[in-house]
Amino acid sequence: MPSKASKVAEYLLKLPEDRKIAISKLRDCISANLPTGFEEVMSYGMIGYVVPHSIYPAGYHCNPKLPLPFINIGSQKNNIVLHHLGIYGFPELADWFINEYPNFSVSKLDMGKGCIRFKNLDTIPYELIGKLATKVSVDDLILMFQKNRKK
């Protein structure tokens, strides 16, 4: 369920303790590895990392008032979810992640086109998520987004 929190600190305060720990660790490993230019915000009821309007004024095509999303992490009913626009838009990045995942986690990968679900909080591959955060720059994301929008 999306949160109505307007600030990241408020979002974290409302989480159950086990989810708060896992989301905080994900947040830390993403923030520590994110390329320059992305900004942390509340987005779609989750913690989001976006390309701010100051860099990409056009915003997100679904709602141009919102910045271009990159990564979102959130607590859902049955899992923690990580949405990654780069995995969705760069097939080679998705392939890299799928191939690397077994080296970092014993749990089975539960992944959609651009989302990764973690049901067992003890097997979240934080180091791999940190590496994933480094793989797409702001410029790469904007170019991929613009190229796919024109199709």
So do the side chains of [X] and [Y] get within less than 4.5 Å of each other, counting heavy atoms only?
X	Y	result
D140	F90	yes
I55	I142	yes
T36	V138	no
K4	Y11	no
L82	I129	yes
E40	V50	no
H84	F97	no
I124	K25	no

Measure from the side-chain N and O atoms of [X] to the backbone N and O of [Y], and report whether any donor-acceptor pair falls under 3.5 Å.
X	Y	value
E10	S6	yes
N72	S43	yes
H61	L68	no
S24	I21	no
T123	N120	yes
R19	L12	no

What heavy-atom pair brings [X] and [Y] nearest, and what distance separates the two atoms?
X	Y	answer
H53	K65	CE1-O, 3.0 Å
M111	A94	CE-CB, 4.3 Å
K119	N78	CG-O, 3.7 Å
Y88	G114	CB-CA, 4.0 Å
A22	I80	CB-CD1, 3.4 Å

>> Angle between ring planes, F118 versus Y101, binned at 30° and 60°: parallel, tilted or perpendicular?
In response: parallel
> Hey, quick one: are L143 and L93 part of the same hydrophobic cluster, counting side-chain heavy atoms closer than 4.5 Å, chains of contacts allowed?
Replying inline: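 Hydrophobic grouping puts L143 apart from L93.
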> Under 4.5 Å between side-chain heavy atoms, hopping through other hydrophobics if needed: is there a path connecting V41 to Y44?
Replying inline: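 No.
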> Step by step, would you call Q146 with Y56 a side chain to side chain contact (heavy atoms under 4.5 Å, CB included)?
Replying inline: CA-CA 11 Å; Q146 290 175 332; Y56 189 67; 3.3 Å; yes
> About how many Å separate CE of M144 and OG of S137, when rounded to the nearest 0.5 Å?
Replying inline: 10.5 Å
> Distance from I73 atom CD1 to I116 atom CD1, nearest 0.5 Å?
Replying inline: 11.5 Å
>> Tell me every residue that passes ring-ring contact (aromatic ring centres under 6.0 Å, His included) with F38, counting only those two or more places apart in sequence or in another chain.
In response: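 Expected list: F70.
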